[in-house]
Novice: 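Structure below; questions to follow.
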Amino acid sequence: MTDPTPVALEVLRCMAIDSRIGGVLLLDLDPMLLRPLGSWLLEAAGGSSGRLVSLGPWHTDDDLLLGLRFVGGSVQPRPGLLAESDDPAAPVIVVPDLAHTSLAVQRAAVALIGSEIATAERHGASITWSPRARWLAAGDRADGASLSAHLLDRFPIRCDGTRLNTLLAEAEIRLAADSRGLDEVIGDLLGPVGPIPVRRPVPLSAAALDRVVALGRTGPGKRRTLTLGRMSRALALLGDRAEVSAEDVDQAADLMGIIAVTPAAAEPAPGGAPDPGRGRETAQALDRPAERTGPAAHPAMLTDRQVVPAPGDTLDPADLYADPKPILYPEDDPEALPSPEPLRLPPPSRIRRNGTAGAVLGSEPTRGLDDLAVVPTLLTALRFRPVRDGRLQFRPGDLRRHRRRPEPASALILVLDHSCLRAWKADAAMAPFLRWAFRQRATVSVVEFGHADAADPLQATRYRVRDIADPRVAASLNREPGRASPLAHAMDLAVAEAQRLARRNRSPVDDALVLVVTDGRGNVPLHMSLGEPAGGPVGRRGVDDTIGVADGLRTIRGVRSVVLAPDVAACPDLPWAVADAMGGTVLIPKPGSPG
């Protein structure tokens, strides 16, 4: 099973048999591959006349559920893209980026996937249908834990899309060779559709039912358990078997990325006689915790499996990026931090100029000329050209403006000096500031140095994440301390980051917090971090450079500065000198203090 094609083929075949399986989330998949996969699934499901619907950040509730249209001079309700008719060919819905699609799409997915009945009531009209659409979505693995738990629950099947991305390179080579369409080439790579078995009742054996219950306990809720049973039944249909076996359940668990619980040997009952109840797989699986599985425990080394923490253990956030152990269900980690109110828009920045802040997501009607979307306005006017004497005329109703993603109003610049964390844990002291960033949905920039894994111990490194829930932040908080402390270079990066946020597009951050966790003992001068030779004894040059660079934070509007320092006897005045240069405050938690 090292070839990714059979895995994708089996998952899509199972979805073609049973539309109730739920959504499939392909992590780290190239979005260009999603639509060809949807076309293949549509054909496999026998939906040659069905619809393939691609949803993005520009779609609204009127587009998806129930809108209005002009017919014969009157306004009439119009079913949206997700409203289904009595046509036996169910549509296939593809979402190229689940984390950054519109909230209307996310809310629609929560309401429709797995529902028996759907009702839309808008504009004084009401429609009802039975959802049978099959959903395929792609997304970045780093965004998984920050998505809504309700939304992730609707996508119980997870696949690692990094290996599927190799199909794109092969498709591009074939396109250059024979000039065929991408759908045809990817169809060849996936294999022929072939006949799909007619859906018929297939009972689950007792062992298969026990196996479904045992494996389904790995995650919250019951959708994953139901999906596992439906996937197992679909595999039995593909194999033309009369009933579902435990082997079908294990194969379905492999396809879904669920960990396989290894049964232990049954313990003998008192008196030497074996206990028949303890001998059953279900009893063993329920009584014994799931084992953490590494690459050596997998039959194909890189087979996707969920890593489930044992009681009292938590997942290392670095495992989210450790190859070859991809985590397909990051929301199961007890330390996962989903965004607060993820299905609502975040509070926009209070400093906006003409309302033009944020990345463009689409267009919407407007009555003014601010932030005018020229191309959508032109296309709207062209649509009414036949009823305007054949001439291109612009009316007030044709005007469209850009719909933009709200930029966060707050930012956290976290400067981590790992060299001072050798005998001091700053987690409790940082907790109030991290909670503030979490509640405000603040954008986060992390500057870290002085750890054992640094590529260059004389330099600080910087990265940016969307919010504090990103697993990379948790990984940075758990690094091993090093010896070098280029604090001056770190402060230089922090000042540059604060200046960038103050000048960010047309929506500058109006509340930025610079949190510096350090003891102030920087032993690397700035010129050495920039690649110049030491030029003699270092002395206090590292500290003096830090104070000189930190002074640049004083003049940046909307920036607050806090220094968290350990209570040490050596050079206790250095944190105060750094805070005075920044114009900030110093917090020195006492031993045993909660922060």
Novice: Which distance, rounded to the nearest 0.5 Å, do you find between the CZ of R464 and the CD of E497?
Specialist: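 It comes to 4.0 Å.
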Novice: Can you check whether D97's main-chain N or O pairs, donor with acceptor, with T101's side chain at less than 3.5 Å?
Specialist: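 Such a contact is absent between T101 side chain and D97 backbone.
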Novice: Can you name the closest pair of heavy atoms from A488 and T546 and give their distance?
Specialist: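 Taking every non-hydrogen atom into account, N-OG1, 3.2 Å.
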Novice: Determine the sole option in D28, L29, L27 for which the side chain to side chain contact (heavy atoms under 4.5 Å, CB included) test with D140 is passed.
Specialist: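 One option only clears the test, and that one is D28.
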Novice: Testing T461, V524, L487 for side chain to side chain contact (heavy atoms under 4.5 Å, CB included) with F449, which one passes?
Specialist: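 Testing F449 for a side chain to side chain contact (heavy atoms under 4.5 Å, CB included) against T461, V524, L487 leaves exactly one candidate, L487.
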Novice: As an exercise, state the distance from CD1 of I547 to CE of M582, rounded to the nearest 0.5 Å.
Specialist: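 The CE atom of M582 is 11.0 Å from CD1 of I547, to the nearest 0.5 Å.
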Novice: Under the side chain to side chain contact (heavy atoms under 4.5 Å, CB included) criterion, do S410 and L412 qualify, and how do the steps go?
Specialist: CA-CA 7 Å; S410 304; L412 171 66; over 6 Å; no
Novice: Applying side chain to side chain contact (heavy atoms under 4.5 Å, CB included), run through R472 and V446 and close with a yes or a no.
Specialist: CA-CA 9 Å; R472 282 170 287 183; V446 178; over 6 Å; no
Novice: Does a side-chain heavy-atom distance below 4.5 Å link L64 with V105?
Specialist: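 In short, these two side chains touch, coming nearer than 4.5 Å.
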Novice: If you look at every heavy atom in W424 and A565, which pair is closest and at what distance?
Specialist: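 Minimum heavy-atom contact is CH2-C, 3.9 Å.
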Novice: With rounding to the nearest 0.5 angstrom, report the CG to CZ distance, L147 to F155.
Specialist: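 The CG atom of L147 sits 9.5 Å away from the CZ atom of F155.
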Novice: Do D417 and T518 pair up side chain to side chain, a donor and an acceptor below 3.5 Å, judged on atom types alone?
Specialist: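 There is such a pair (donor and acceptor under 3.5 Å, judged by atom type) between the side chains of D417 and T518.
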Novice: How about F438 and V444: do any of their side-chain heavy atoms sit closer than 4.5 Å?
Specialist: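 F438 does not reach V444 side chain to side chain.
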Novice: How many angstroms lie between CZ in R158 and CE in M256, if you round to the nearest 0.5 Å?
Specialist: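 The distance works out to 9.0 Å.
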Novice: Indicate the atoms forming the closest heavy-atom contact of P96 with L55, along with that distance.
Specialist: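 That would be CD-O, 3.1 Å.
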Novice: State whether the number of non-hydrogen atoms from other residues, nucleotides or ligands found under 6.0 Å of R483 atom CZ is greater than 12.
Specialist: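 At most 12 heavy atoms, drawn from other residues, nucleotides or ligands, come within 6.0 Å of this atom.
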Novice: Tell me whether D63 contacts the main-chain N or O of T60 through its side chain, where contact means a donor paired with an acceptor under 3.5 Å.
Specialist: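 Checked: pair present.
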Novice: Go through it in stages, so that I can follow the logic: the residues are I157 and L25, the test is side chain to side chain contact (heavy atoms under 4.5 Å, CB included), and I'd like the CA-CA distance, side-chain angles, deciding distance and then a yes or no.
Specialist: CA-CA 6 Å; I157 303 178; L25 178 57; over 6 Å; no
Novice: Would you mind checking if R554 and D551 are paired as a salt bridge, meaning a charged N to carboxylate O distance below 4.0 Å?
Specialist: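 Yes, this pair counts.
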Novice: I'd like to know if D427 and K425 make a salt bridge, using a cut-off of under 4.0 Å between side-chain N and carboxylate O.
Specialist: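 Between K425 and D427 there is no salt bridge, as every charged N stays at least 4.0 Å from the carboxylate O atoms.
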Novice: Which atoms form the tightest heavy-atom contact between R400 and S363, and what is the distance?
Specialist: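 In terms of heavy atoms, the two residues are closest at CB-CB, 4.3 Å.
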Novice: Below 4.0 angstrom, N of the basic side chain to O of the carboxylate: do E364 and R401 qualify?
Specialist: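 Salt bridge present between E364 and R401.
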Novice: Counting C-beta onward and ignoring hydrogens, is there a side-chain heavy-atom pair between H451 and P481 closer than 4.5 Å?
Specialist: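 Result no, sub-4.5 Å side-chain heavy-atom pair not found.
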Novice: What do you reckon, is NE2 of H100 surrounded by more than 12 foreign heavy atoms closer than 6.0 Å?
Specialist: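 Yes, because the 6.0 Å sphere around NE2 of H100 holds more than 12 heavy atoms from other groups.
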Novice: Would you mind reporting whether W135 and V95 have side-chain heavy atoms less than 4.5 Å apart?
Specialist: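 Contact flag for V95/W135 side chains = yes.
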Novice: To the closest 0.5 Å, what do you measure between CG (L501) and CD1 (I413)?
Specialist: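 Going from CG on L501 over to CD1 on I413, the span is 5.0 Å.
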Novice: Give a yes or no on whether a salt bridge exists between D511 and R560, defined as a side-chain N under 4.0 angstrom from a carboxylate O.
Specialist: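 R560 and D511: salt-bridged.
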Novice: Would you say that V562 contacts V586 through its side chain, given a criterion of any heavy-atom pair below 4.5 Å between the two side chains?
Specialist: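 No, their side chains stay 4.5 Å or more apart.
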Novice: Nearest 0.5 angstrom please: L81 CG to H59 NE2, how far?
Specialist: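 These two atoms lie 5.0 Å from each other.
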Novice: Between G38 and V94, which heavy-atom pair has the shortest distance, and what is it?
Specialist: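 Shortest heavy-atom separation between G38 and V94 comes out as CA-CG1, 4.2 Å.
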Novice: Report yes or no: does D545 contribute a side-chain atom to a donor-acceptor pair with the main-chain N or O of L526 at less than 3.5 Å?
Specialist: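 Present.
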Novice: So, the side chain of D470 versus the backbone of R466: is there a donor-acceptor pair under 3.5 Å, distance only?
Specialist: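 No: the side chain of D470 does not pair with the backbone of R466.
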Novice: Within a strict 4.5 Å, meaning less than it, do heavy atoms of the L515 and L564 side chains meet?
Specialist: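 Of all side-chain heavy-atom pairs linking L564 with L515, at least one is under 4.5 Å.
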Novice: Any non-hydrogen side-chain atom of V517 less than 4.5 Å from a side-chain atom of V415?
Specialist: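 Side chain of V517 against side chain of V415, heavy atoms only: no contact under 4.5 Å found.
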Novice: Measuring only between side-chain heavy atoms, which start at C-beta, is L553 closer than 4.5 Å to M491?
Specialist: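 They are in contact (side-chain heavy atoms under 4.5 Å apart), so the answer is yes.
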Novice: How far apart are the closest heavy atoms of A104 and D61, and which atoms are they?
Specialist: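 Reported closest heavy-atom pair: CB-OD1, 3.4 Å.
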Novice: Would you say the side-chain atoms of H418 pair up with the backbone N or O of A452, donor to acceptor, closer than 3.5 Å?
Specialist: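 No.
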Novice: Taking R462 first and then E448, would you say they form a salt bridge - that is, a charged N and a carboxylate O separated by under 4.0 Å?
Specialist: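 No, no charged N to carboxylate O under 4.0 Å.
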Novice: Could you walk me through whether L434 and L477 satisfy the side chain to side chain contact (heavy atoms under 4.5 Å, CB included) test, starting with their C-alpha distance in whole Å, then the side-chain angles of each, then the deciding distance to 0.1 Å, before giving a yes or no?
Specialist: CA-CA 12 Å; L434 300 183; L477 296 176; 4.2 Å; yes
Novice: Say whether, by atom type as modelled, one donor and one acceptor occur between the side chain of Q106 and the main chain of L98 under 3.5 angstrom.
Specialist: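 Present.
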Novice: Please tell me whether Y463 and S445 have a donor and an acceptor in their side chains that are separated by less than 3.5 angstrom.
Specialist: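 Not at all, the side chains of Y463 and S445 share no donor-acceptor pair under 3.5 Å.
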Novice: Any chance you could lay out the salt bridge (charged side-chain N to carboxylate O under 4.0 Å, His left out) test for R224 and D153, step after step, and finish with the verdict?
Specialist: CA-CA 8 Å; R224 204 176 300 174; D153 189 44; 6.0 Å; no
Novice: Okay, side chain of H489, backbone of Q459: is any donor-acceptor separation there less than 3.5 Å?
Specialist: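 No, H489 side chain to Q459 backbone: no donor-acceptor pair under 3.5 Å.
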